[in-house]
Student: 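Questions regarding the structure given below will be posed in turn.
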Amino acid sequence: MKSFIGLLKKEMLISRFWYITYLIIILVGLTGGAFFANRVDEPSMIGPMIIMFMPLQLFFLPLMVHSLLKTEGRTQLWLYNPQSSVKLLLAKVTTALMFQIISQILWISCGSIMMKLLNNQNISWKAIILTNVGLLSVGLYLTIWVIFLWTIYHSLGKFPSLRKFRWLAVLLVIIVYNTLETLFIKIGFIHDRVFKLTTSVNTTLGFTYKNDTGWTIIYEPIPVPILPIIFYTILSFILFIIASKLLDKKVEV
């Protein structure tokens, strides 16, 4: 446990400047959006501006983990670390996940306060929380794929004949997986059963504009299929284990 905490501290120190810069971007963006909305006397415009930060929240986690992996590749400390690859990778994911949660809490808190002050609009915290849980889950899934593809790319570096064509191997993995998944889902009885078991989740879908009230948040229930969530969870676990096994061979990254 102490070794894992030590790894977390190392990853947090490495990524602290990158993360602080990201938080500053969020704060400046939200503050600037609120100032602009107040300046043009359209307080409800702060809503769409908050939504504009959603892609940043979605891709922050995989981008940060990729940045940490690139740092590892430059230093080559991976080759000499006695810890298992599971711990090394898990430390990076955990660090990015903690930062991601903090940034999303800051995002929804500042955004909600600004909307309440400027627009006095009722806010559904349940819908906002579920939306952020969804963003976090998708970001984590993309992060596992980043780790998996990164390890494949660097594992192939051991073979001189394949070293120049590693990016083709990564591209091939992406194409083959997406093709198989698409073909599998298109099978009639599988499609019907996969999307038959669903649960309804009330979430934030966007905004609507009316001349008399301005922008208004849309909260609507959407069906969420349960079986795909289970499948992607299992797939993420498998990809993470495969990536760990590849890195256990102490490949030069």
Side-chain angles (χ1 to χ4, degrees), residues 1-31 50-75 77-78 81-114 125-151 201 203-204 229 232-244 247-248 253:
M1 188 62 181
K2 288 184 179 180
S3 61
F4 184 72
I5 293 175
L7 289 172
L8 282 179
K9 290 180 179 178
K10 184 202 77 170
E11 301 296 348
M12 293 177 74
L13 287 172
I14 291 174
S15 57
R16 67 186 186 279
F17 176 78
W18 199 90
Y19 182 65
I20 292 173
T21 302
Y22 175 70
L23 288 183
I24 291 174
I25 292 174
I26 292 178
L27 287 173
V28 171
L30 290 176
T31 304
I50 294 170
I51 294 295
M52 288 174 60
F53 281 93
M54 190 174 289
L56 286 177
Q57 298 294 350
L58 180 61
F59 294 108
F60 171 79
L61 189 55
L63 287 175
M64 186 173 187
V65 170
H66 183 260
S67 175
L68 292 172
L69 290 171
K70 284 185 65 178
T71 301
E72 202 75 54
R74 288 196 300 268
T75 61
L77 293 177
W78 201 292
N81 199 309
Q83 303 299 326
S84 68
S85 293
V86 172
K87 281 188 178 181
L88 293 170
L89 289 174
L90 196 58
K92 297 181 187 301
V93 175
T94 303
T95 299
L97 192 61
M98 289 191 299
F99 283 155
Q100 173 76 22
I101 292 173
I102 294 172
S103 66
Q104 286 191 208
I105 291 175
L106 176 67
W107 175 53
I108 62 176
S109 298
C110 291
S112 299
I113 291 172
M114 288 176 182
W125 284 102
K126 181 180 179 180
I128 290 175
I129 291 173
L130 289 175
T131 300
N132 278 269
V133 169
L135 287 173
L136 195 64
S137 301
V138 174
L140 187 58
Y141 175 70
L142 295 175
T143 299
I144 299 301
W145 268 105
V146 167
I147 293 173
F148 175 68
L149 295 174
W150 186 86
T151 53
V201 175
T203 185
T204 308
I229 293 177
Y232 290 128
T233 301
I234 296 173
L235 177 63
S236 298
F237 178 77
I238 294 173
L239 293 178
F240 185 82
I241 294 300
I242 293 174
S244 301
L247 285 175
D248 271 333
V253 298

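These values consider heavy atoms only, across backbone and side chains, with no hydrogens, waters or symmetry-generated copies.
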Student: Between side-chain atoms of residues 136-146 and protein atoms elsewhere (two or more places apart, or another chain), which donor-acceptor pairs fall under 3.5 Å?
Tutor:
residue: Ser137; atom: OG; partner: Val133; partner atom: O; Å: 2.8
residue: Tyr141; atom: OH; partner: Trp145; partner atom: NE1; Å: 2.9
residue: Thr143; atom: OG1; partner: Gly139; partner atom: O; Å: 2.7

Student: Output, in order, the C-alpha distance, side-chain angles, deciding distance and verdict of side chain to side chain contact (heavy atoms under 4.5 Å, CB included) for Ile14 and Thr95.
Tutor: CA-CA 10 Å; Ile14 291 174; Thr95 299; over 6 Å; no
Student: Could you tell me which non-hydrogen atom of Thr233 sits nearest to which non-hydrogen atom of Ile229, and how far apart they are?
Tutor: OG1-O, 2.7 Å
Student: Mark yes or no for whether Gln104, through its side chain, and Asn132, through its backbone, hold a donor-acceptor pair below 3.5 Å.
Tutor: yes
Student: When rounded to the nearest 0.5 angstrom, what distance separates CH2 in Trp150 from CG in Leu89?
Tutor: 8.0 Å
Student: Got a second to check how far Gln100's CD is from Leu135's CG, nearest 0.5 Å?
Tutor: 8.0 Å
Student: As an exercise, state the distance from CE of Met12 to CG of Leu68, rounded to the nearest 0.5 Å.
Tutor: 11.5 Å
Student: Can you tell me how far the CG atom of Leu69 sits from the NE2 atom of His66, to the nearest 0.5 Å?
Tutor: 7.0 Å
Student: Looking at residues at least two apart in the chain, or sitting in another chain, which of them share a ring-ring contact (aromatic ring centres under 6.0 Å, His included) with Phe99?
Tutor: Tyr19
Student: Say you draw a straight line from CD1 of Ile102 to CE of Met98; how long is it, rounded to the nearest 0.5 Å?
Tutor: 7.5 Å
Student: How many angstroms lie between atom CZ of Phe148 and atom OG of Ser236, to the nearest 0.5 angstrom?
Tutor: 11.5 Å
Student: Can you name the one residue among Val86, Thr151, Ile242 that meets side chain to side chain contact (heavy atoms under 4.5 Å, CB included) with Leu247?
Tutor: Thr151
